Asker: 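A single structure is presented below for examination.
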Amino acid sequence: MAIQIFNTLGRKKEAFVPLTPGRVYMYVCGPTVYSHPHLGHAKSYISFDAIVRYFRYRGFRVKYVQNITDVGHLTDDADSGEDKIIKKAREEKLDPMEVAQYYTWSYFDDMDALGVLRPNISPHATGHIIEQIELIKTLLKKGYAYEVGGSVYFDITRFPEYGKLSGRKLEELEAGARIEVNPDKRNPFDFALWKHADPAHLMKWPSPWGLGYPGWHIECSAMSMKYLGETFDIHGGGLDNVFPHHECEIAQSEAATGRPFVRYWMHNNLVTVNGVKMSKSLGNFITIKEALQKYSPNTIRYFVLSSHYRSPLDFSDQALNGAQRGLERLVTMVRRIRKALSQAGENTKVDPPFEVEAYRKRFEAVMDDDFNTPQAIAVLFELVKRTQDLLGEGKASRAFLEGVDALITDIGQHVLGLLPQDLSKPDSASLLPVVEKLIQITVDVRSELRKQKLWPLSDKIRQELASLGIVIKDRPDGSTEWEHNF
RNA sequence: GGCGCCGUACCCAAGUGGCUAAGGGAGAGGUCUGCAAAACCUCCAUUCGGCGGUUCGAAUCCGCCCGGCGCCUCCA
């Protein structure tokens with residue numbers, strides 16, 4: 001059966017039929033780089049990471065594009081707001097591009113730490129000004145946009161389908177209007193494609209309409225269509241981007257090309273703290289860097305993937321601690337299974353106690369159903385637990401364990417990315433502090449033995465340590481120093 | 001005010017018409033153990049915010065009510 005995707009456009013699950021067989025062309029809205037990413041970003045990008053990984057597991061070749069927004073985005077929509085990156089640059093007395101670059105690296109650092117695979121293409125908005133201008137020119141030529149005083153606006157009345165994604169109607173929007181009316185706009189809900197820049201503005205580019213900078217929505221249309229085509233399979237992002245951002249993307253893209261823009265719209269739900277949305281503007285966010293000081297990357301992944309991507313996720317230390325414990329136990333059990341596998345003989349005559357394939361089918365069934373990662377985790381737990389039970393009974397053959405291990409690897413590593421790459425080989429860097437601590441403990445015990453004048457035993461310890469390259473030096477004052485040659 | 005989502009055990013969280021309501025955490029009891037910890041085993045919602053309705057049958061569909069949240073302004 002085909003993968004079922006909940007399409008925001010239509011609000012129901014649909015079978016995923018790629019435009020090109022075997023390929024997935026996918027775009028996910030990336031971050032605006034003016035501050036460190038927070039747990040909300042973690043949820044979004046870990047969720048889509050698991051989705052991309054699952055498509056690949058399923059044999060699709062995925063072209064995954066995720067933008068870096070390094071210009072644009074005003075602090076409000078009354079057209080009086082300031083570009084957030086420029087605001088930060090002014091505050092920190094930096095060039096705007098220094099700000100964008102600094103937080104771009106911060107973003108990738110955090111994503112790498114969380115095991116989020118990098119997109120195939122990470123286009124920057126400032127690197128695609130030409131494409132954006134070309135798109136705006138097309139919209140002007142086709143009569144979907146108009147220019148006023150060096151700014152260009154999209155004429156919302158020319159696109160009757162406006163609102164089809166978010167389920168809004170223009171009349172309703174006007175009824176609830178709270179934004180200040182911009183006198184340049186013909187309709188209050190026309191949105192900017194290009195903004196005129198006054199001379200003091202820091203980020204500006206030449207255009208047919210004078211010096212200016214692109215509007216908020218145009219970059220995603222320009223870059224997604226450049227790399228994925230005028231119509232592509234999947235466009236994802238946070239729920240908070242459905243309106244107006246994605247609605248406007250649809251309007252300007254479909255107006256420009258006359259074709260459907262995106263076939264499946266996917267939106268992840270938001271992270272809340274004490275039930276309230278976590279966001280930069282509310283200031284209640286926890287950065288990924290902060291979270292990583294308390295919890296391991298895989299704990300955060302586990303926490304995120306243990307709820308469905310379309311469900312809200314409430315952050316609390318209690319929930320994170322629960323996730324940490326659960327993951328630890330999972331890793332312990334997997335480690336035990338792998339150890340058993342490495343020691344298993346060729347006792348191939350034992351019948352498989354249960355069908356590993358049945359678990360694989362279950363895993364695929366739940367992931368096929370709109371990427372139900374919580375259930376995938378449940379399947380993994382059941383598989384691991386049941387295998388461990390058999391281990392105790394001595395009923396697991398080598399071939400059987402190999403099958404189990406392959407499935408654990410597929411679910412836990414390849415798709416969910418929860419398990420360390422190689423459980424049997426911790427890297428030496430992380431082991432050294434432990435080794436040194438062990439030496440210290442041994443030396444401390446020996447010091448206690450010497451106090452009790454148990455010389456043969458303390459001498460034996462010194463010799464054994466020496467044979468390992470650890471030299472012990474007893475000082476006249478009774479203290480003991482040591483060093484090792486590794 | 002408009003649009004939409006959610007409310008499942010102590011906590012997190014699947015399930016959206018029909019086998020005994022997944023899984024994890026916490027908790028309780030037990031095995032093991034010099035003690036402790038770890039590990040393992042067992043137990044832990046006749047019930048799904050409330051009240052009605054549809055149905056042979058509902059946590060799942062419909063209506064109303066209560067509670068929480070999101071979008072309508074930049075946000076993943």
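First the proteins, then the strands, lettered A, B, ... as listed; each starts at 1. Computed from a prediction, not measured in an experiment: that's the story for all the values here.
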Asker: Please state how far atom CZ in R168(A) lies from atom P in rG2(B), giving the value in whole angstrom units.
Answerer: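 Whole-Å distance recorded here is 13 Å.
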
Asker: For Q324(A), which contact category applies under a 4.0 Å heavy-atom criterion: base, sugar-phosphate, or nothing?
Answerer: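 No contact.
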
Asker: Contact class for L239(A) vs. all strands (heavy atom < 4.0 Å): base, sugar-phosphate, or nothing?
Answerer: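 Here L239(A) touches no strand at all.
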
Asker: Separation of L383(A) atom CG from rG24(B) atom C1', in whole Å?
Answerer: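 Atom CG in L383(A) sits about 16 Å away from atom C1' in rG24(B).
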
Asker: Taking only the P atom of each, what is the distance from rU16(B) to rA26(B) in whole angstrom?
Answerer: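 One P to the other, the span is 28 Å.
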
Asker: Going by an N to O cut-off under 4.0 Å, is there a salt bridge joining D369(A) and K13(A)?
Answerer: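 Counted as a salt bridge, because a side-chain N and a carboxylate O are separated by less than 4.0 Å.
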
Asker: Expressed in angstrom and rounded to an integer, what is the separation of D110(A) atom CG from rA76(B) atom P?
Answerer: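 Spelled out: CG on D110(A) to P on rA76(B) is 14 Å.
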
Asker: Under 4.0 Å, heavy atoms only, any strand: does V271(A) hit a base, just the sugar-phosphate, or nothing?
Answerer: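 Base contact.
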
Asker: Below 6.0 angstrom between ring centroids: does that apply to Y45(A) and Y107(A)?
Answerer: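 Between Y45(A) and Y107(A), the centre distance is under 6.0 Å.
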
Asker: Report the distance from atom CG of L270(A) to atom C1' of rC69(B), rounded to the nearest whole Å.
Answerer: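 About 10 Å, once rounded to whole Å.
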
Asker: Is E364(A) paired with R58(A) through a side-chain N to carboxylate O contact shorter than 4.0 Å?
Answerer: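 Salt bridge between R58(A) and E364(A), a charged N being under 4.0 Å from a carboxylate O: yes.
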
Asker: State whether S279(A) places a side-chain N or O below 4.0 Å from either non-bridging phosphate oxygen (OP1 or OP2) of rA76(B).
Answerer: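 Result: no.
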
Asker: Can you tell me the distance, in whole Å, between the CZ atom of F363(A) and the C1' atom of rG23(B)?
Answerer: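 Rounded to the whole Å, the gap is 15 Å.
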
Asker: Rounding to an integer number of angstrom, what distance separates rG57(B) and rG2(B) when you compare their P atoms?
Answerer: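 One P to the other, the span is 36 Å.
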
Asker: Tell me what N241(A) touches on the nucleic acid: a base, only sugar-phosphate, or nothing, going by heavy atoms under 4.0 Å.
Answerer: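 Sugar-phosphate contact only.
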
Asker: Pick the closest RNA chain B nucleotide for M278(A) and for G275(A) by heavy atoms, then say which residue is nearer the 5' end.
Answerer: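 Between the two, 5'-proximity favours G275(A).
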
Asker: Taking any heavy-atom pair under 4.0 Å as a contact, classify G30(A): base, sugar-phosphate, or nothing.
Answerer: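 Counting heavy atoms under 4.0 Å across all strands, the contact made by G30(A) is with sugar-phosphate only.
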
Asker: Output, in order, the C-alpha distance, side-chain angles, deciding distance and verdict of ring pair (Phe, Tyr, Trp, His ring centres under 6.0 Å) for Y64(A) and Y25(A).
Answerer: CA-CA 6 Å; Y64(A) 179 24; Y25(A) 291 86; over 10 Å; no

Asker: Less than 4.0 angstrom from a charged side-chain N to a carboxylate O is my criterion; do E328(A) and R325(A) meet it?
Answerer: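 Counted as a salt bridge, because a side-chain N and a carboxylate O are separated by less than 4.0 Å.
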
Asker: Give me the distance, rounded to whole Å, that separates rA45(B) from rA22(B) when you measure between the C1' atoms they each carry.
Answerer: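 rA45(B) and rA22(B) have their C1' atoms separated by 13 Å.
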
Asker: Using a cut-off of 4.0 Å between protein heavy atoms and nucleotide atoms, how would you tag nucleotides 39-44 of chain B 5' to 3' with B, S and -?
Answerer: SSS---

Asker: Rounded to whole Å, how long is the line connecting atom NE2 of H41(A) with atom P of rC74(B)?
Answerer: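 It works out to 16 Å between those atoms.
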
Asker: Apply salt bridge (charged side-chain N to carboxylate O under 4.0 Å, His left out) to the pair E382(A) and K385(A), showing each step before the final yes or no.
Answerer: CA-CA 5 Å; E382(A) 282 184 46; K385(A) 241 179 149 169; over 6 Å; no

Asker: Could you check which nucleotide pairs with rC32(B) in any of the strands shown, counting Watson-Crick or G-U wobble with both distances under 3.5 Å?
Answerer: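 Matched rC32(B) with nothing under the 3.5 Å cut-off.
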
Asker: Base, sugar-phosphate or nothing for Y302(A)? Non-hydrogen atoms, less than 4.0 Å.
Answerer: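 Counting heavy atoms under 4.0 Å across all strands, the contact made by Y302(A) is with sugar-phosphate only.
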
Asker: Which nucleotide sits closest to the side chain of H38(A): rA76(B), rG23(B), rU73(B)?
Answerer: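 From the listed options, rA76(B) comes nearest.
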
Asker: Work out how far the C1' atom of rG15(B) is from that of rU60(B), and round it to whole angstrom.
Answerer: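 Result for the C1' pair: 9 Å, nearest Å.
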
Asker: Let me know the distance between CG of L416(A) and P of rG24(B), rounded to the nearest Å.
Answerer: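 To the nearest whole Å, that distance equals 15 Å.
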
Asker: Are the aromatic ring centres of F371(A) and F55(A) under 6.0 angstrom apart?
Answerer: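 Close enough - the centres of the two rings lie under 6.0 Å apart.
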
Asker: At under 4.0 Å between heavy atoms, what does K277(A) touch on the DNA or RNA strands: base, sugar-phosphate, or nothing?
Answerer: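 Base contact.
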
Asker: Have N120(A) and Y227(A) got a donor and an acceptor in their side chains that come within less than 3.5 Å?
Answerer: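 The answer is no; no qualifying pair exists.
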
Asker: How is G40(A) classified with respect to the nucleic acid when contacts are heavy atoms under 4.0 Å: base, sugar-phosphate, or nothing?
Answerer: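 Base contact.
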
Asker: Please name the nucleotide paired to rG4(B) by Watson-Crick or G-U wobble geometry with both distances under 3.5 Å, or report none.
Answerer: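 Check on rG4(B): paired to rC69(B), both distances under 3.5 Å.
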
Asker: Starting at CG of L165(A) and ending at P of rC5(B), how long is that distance when rounded to a whole Å?
Answerer: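 About 14 Å, once rounded to whole Å.
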
Asker: If you take the centroid of each ring, where Trp contributes its six-membered ring, are F6(A) and Y264(A) closer together than 6.0 Å?
Answerer: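 That pair fails the under 6.0 Å test.
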
Asker: So that I know where these two stand, are F154(A) and F191(A) an aromatic pair - ring centroids less than 6.0 Å apart?
Answerer: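 Yes - the distance between ring centres of F154(A) and F191(A) falls below the 6.0 Å cut-off.
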
Asker: When every nucleotide of nucleotides 11-18 of chain B is labelled 5' to 3' by its protein contacts under 4.0 Å (heavy atoms), B for base, S for sugar-phosphate only, - for none, what sequence of letters results?
Answerer: S-SSS---

Asker: Kindly state each residue pair satisfying salt bridge (Lys or Arg N to Asp or Glu O under 4.0 Å) with at least one member in residues 27-51 of chain A, sequence neighbours excluded.
Answerer: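 As it turns out, the salt bridge (Lys or Arg N to Asp or Glu O under 4.0 Å) pairs with a partner in residues 27-51 of chain A, which skip direct neighbours, are D49(A)-R53(A), D49(A)-R301(A).
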
